[in-house]
Amino acid sequence: MVRVPLWLEMDGRRVLVVGGGGVGTRRALWFRQAGAVVRVVGLSFSEELQRRARGDSGLELVELDAGDAEALRPHVEWADIVVVATDNPSVNEAVWRLARSLRRWVNDATDAERTEIVVPYTLDLYGGGLRVAVTTEGRTGVAARHARDRIRECLEGDKGLGTLYEAMWRVKPVLKRLIPRAKDRVPIYYRIDEDSEFQRAVERGSVEEALRAAARVIAREARRLGVETDADRVYEMLRSVEKPISPL
Ligand SMILES: C[C@@]1(CC(=O)O)c2cc3[nH]c(cc4nc(cc5[nH]c(cc(n2)[C@H]1CCC(=O)O)[C@@](C)(CC(=O)O)[C@@H]5CCC(=O)O)C(CC(=O)O)=C4CCC(=O)O)c(CCC(=O)O)c3CC(=O)O
Ligand SMILES: NC(=O)C1=CN([C@@H]2O[C@H](COP(=O)(O)OP(=O)(O)OC[C@H]3O[C@@H](n4cnc5c(N)ncnc54)[C@H](O)[C@@H]3O)[C@@H](O)[C@H]2O)C=CC1
């Protein structure tokens with residue numbers, strides 16, 4: 001089996017978490033902080049879940065025996081994603097079967113073989129502007145965690161990458177505004193990336209000079225395509241772009 005890596009927008013989606021212990025709590029909060037509406041069913045709930053649910057209408061706790069398929073069914077039907085996380089293997093298997101039979105996506109935190117959705121080890125750089133996810137798909141989380149930490153050390157010390165990121169997130173909306181056709185636009189990203197003055201500025205860690213160099217390339221390419229502009233104007237456009245994301 002080969003799983004496809006994806007990033008999902010969870011805003012307004014519904015997640016049912018079956019099991020309110022340590023693992024169920026982690027998953028519930030993970031999906032909730034990404035914007036999903038979360039319902040947890042369990043025989044009991046962690047202190048943390050109870051505390052968080054009190055002040056949050058998007059996090060609901062329902063006391064219920066998940067071994068009772070009839071009682072569980074409407075909750076599974078309500079959900080887009082079902083998380084399996086009780087400490088009872090036969091209940092976990094029954095929930096997995098029910099969710100699959102109703103064609104819900106399943107994140108089975110208790111069985112790496114049968115889970116459809118894998119929750120990876122993650123790290124965020126630049127306030128969440130660049131994100132990394134690492135997984136062994138359950139073969140050994142310990143190695144995945146070490147890999148994540150090594151990647152973090154490597155990327156956090158890379159001043160050039162930070163500069164490249166700072167310059168290039170501004171380039172994209174400006175190019176989209178200036179050059180209407182994607183076919184014309186796309187090669188320009190590579191012209192900038194390959195421009196020797198741009199590269200030198202990135203190596204030096206100077207966002208200012210990287211933007212100046214990018215503006216020169218964009219103005220040249222835009223004029224070639226019949227768009228009237230100059231490097232100073234493009235530079236001002238680059239400077240005035242709003243940050244595209246706010247961190248989770
Ligand atoms: C398939 C997957 C589930 C999925 O995708 O839903 C899965 C499966 C299983 N993990 C188990 C054990 C532990 N997992 C952790 C921790 C984390 N595990 C997470 C993800 C995943 N775990 C997915 C694959 C990830 C990958 O492989 O790359 C993280 C990232 C996210 C999260 O869980 O929130 C979180 C990191 C928190 C952080 O540090 O940031 C700890 C440590 C702890 O709890 O503190 C332990 C106990 C100690 C140990 O085993 O190391 C067992 C039982 C093993 C057994 O019975 O022996 C299974 C089931 C099985 O193996 O079948
Ligand atoms: N993916 C991961 O990262 C990890 C997965 N695990 C797996 O997750 C399982 C759960 O671990 P924890 O949360 O630490 O256990 P826990 O003991 O803290 O919580 C178990 C939860 O399941 C609920 N539950 C039990 N029987 C139920 C039933 N019939 N109906 C409804 N709810 C029921 C309990 O009420 C409790 O809320 C472990 O047994 C293990 O298989 C364990 C560690 C990490």
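All of these numbers come straight from a predicted model, not from anything done at the bench. These numbers come from the heavy atoms of this one structure, side chains and all, not from hydrogens, waters or symmetry mates. Remember, it's 1-based here, ligands and their atoms both numbered in the order they're listed.
- The minimum heavy-atom distance linking A214 with I192 is given by the pair CB-CG2, 3.9 Å.
- Tested against R73, the residues H75, E77, E70 include a single side-chain hydrogen bond (donor to acceptor under 3.5 Å, both in side chains) partner, E77.
- Proximity of T25 to ligand 2 is not established, as no heavy-atom distance is less than 4.0 Å.
- In summary, of the residues considered (V15, L61, V62), a side-chain contact (heavy atoms from CB on, under 4.5 Å) with V40 occurs for L61 alone.
- Of the candidates L43, V83, D68, L43 brings a heavy atom nearest to atom 26 (N) of ligand 2.
- Heavy-atom contacts of A85 reach the following atoms of ligand 2: 10 (C) (cutoff under 4.0 Å).
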field: R104 and D80: CA distance, side-chain angles, deciding distance, salt bridge (charged side-chain N to carboxylate O under 4.0 Å, His left out) verdict
entry: CA-CA 6 Å; R104 265 49 190 177; D80 295 303; over 6 Å; no

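- Nearest to atom 29 (N) of ligand 2 by heavy-atom distance, out of V23, V118, D65, is D65.
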message: Assess the residue pair V174 and V241 against the criterion (side-chain contact (heavy atoms from CB on, under 4.5 Å)); give the C-alpha distance rounded to whole Å, side-chain angles, the decisive distance to 0.1 Å, and a yes or no.
response: CA-CA 8 Å; V174 168; V241 177; 3.6 Å; yes

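- Close approach to G42 involves these atoms of ligand 2, each under 4.0 Å from a residue heavy atom: 31 (C), 32 (N).
- In summary, the atoms of ligand 2 found under 4.0 Å from a heavy atom of V91, numbered by their order in the structure, are 29 (N).
- Taking a cut-off of under 4.0 Å to the non-hydrogen atoms of G20, the atoms of ligand 2 that pass are 21 (C), 36 (C), 37 (O).
- The residue among D87, V119, D111 with a heavy atom at the shortest distance from atom 39 (O) of ligand 2 is D87.
- Between the CG atom of L175 and the CD1 atom of I218 there is a distance of 4.5 Å, given to the nearest 0.5 Å.
- Going from atom CG of L178 over to atom CG of D184 covers 12.0 Å, rounded to the nearest 0.5 Å.
- Between A66 and ligand 2, a contact under 3.5 Å exists for at least one N or O pair.
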- request: Starting from the C-alpha separation in whole Å, work towards a yes-or-no answer on side-chain hydrogen bond (donor to acceptor under 3.5 Å, both in side chains) for N88 and S90.
  value: CA-CA 6 Å; N88 182 326; S90 60; 3.0 Å; yes

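- Among the atoms of G22, some N or O lies under 3.5 angstrom from an N or O of ligand 2.
- Between F45 and ligand 2, not a single N/O pair is under 3.5 Å apart.
- Scanning both residues, Y165 and G129, for their nearest heavy atoms gives OH-CA, 3.1 Å.
- Annotation: side chain of F198 is in contact with side chain of L164 (closest heavy-atom distance under 4.5 Å).
- For atom 1 (N) of ligand 2, the choice among G141, A109, G67, S90 with the nearest heavy atom turns out to be A109.
- To the nearest 0.5 Å, the span separating CZ on R52 from CZ on R54 amounts to 12.0 Å.
- Partner R148 forms a side-chain contact (heavy atoms from CB on, under 4.5 Å) with one of V132, T135, V134 and no other, that one being V134.
- Ranking the protein heavy atoms by distance from atom 24 (N) of ligand 2 puts T86 CB, 3.7 Å first.
- Residue P89 does not touch ligand 2, judged by heavy-atom distances below 4.0 Å.
- Within 6.0 Å of atom CZ in R150, 12 or fewer heavy atoms from other residues, nucleotides or ligands are found, so the atom counts as exposed in its surroundings.
- Counting only residues at least two apart or in different chains, salt bridge (Lys or Arg N to Asp or Glu O under 4.0 Å) contacts with residues 91-103 comprise E93-R97, R100-E116.
- Residue R216 holds its CZ atom at 11.0 Å from OH of Y235, rounded to the nearest 0.5 Å.
- At least one heavy atom of R27 lies less than 4.0 angstrom from ligand 2.
- The shortest heavy-atom contact between A210 and A201 is N-CB, 3.4 Å.
- Those atoms of ligand 2 with a heavy atom of L64 less than 4.0 angstrom away are 30 (N), 31 (C).
- In terms of protein heavy-atom proximity, atom 3 (O) of ligand 2 is closest to R26 NH2, 2.9 Å.
- In summary, the atoms of ligand 2 found under 4.0 Å from a heavy atom of S44, numbered by their order in the structure, are 34 (C), 35 (O), 36 (C), 37 (O).
- Atom 8 (O) of ligand 2 has as its closest protein heavy atom T110 CG2, 3.5 Å.
- Looking only at protein heavy atoms, the nearest one to atom 16 (P) of ligand 2 is G21 CA, 4.0 Å.
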Tabulate distances under 3.5 Å between N/O atoms of ligand 1 and N/O atoms of the protein, writing both atom names on each line.
| residue | atom | partner | partner atom | Å |
| --- | --- | --- | --- | --- |
| ligand 1 | 5 (O) | V119 | N | 2.7 |
| ligand 1 | 6 (O) | R27 | NH1 | 2.6 |
| ligand 1 | 6 (O) | R27 | NH2 | 3.4 |
| ligand 1 | 6 (O) | N107 | ND2 | 2.6 |
| ligand 1 | 27 (O) | T136 | OG1 | 2.7 |
| ligand 1 | 27 (O) | G138 | N | 2.7 |
| ligand 1 | 28 (O) | T135 | OG1 | 2.8 |
| ligand 1 | 28 (O) | T136 | N | 2.8 |
| ligand 1 | 33 (O) | R26 | NE | 3.4 |
| ligand 1 | 33 (O) | R26 | NH2 | 2.8 |
| ligand 1 | 33 (O) | R27 | NH2 | 2.4 |
| ligand 1 | 34 (O) | R26 | NE | 2.8 |
| ligand 1 | 44 (O) | R26 | NH1 | 3.2 |
| ligand 1 | 62 (O) | A112 | N | 2.8 |

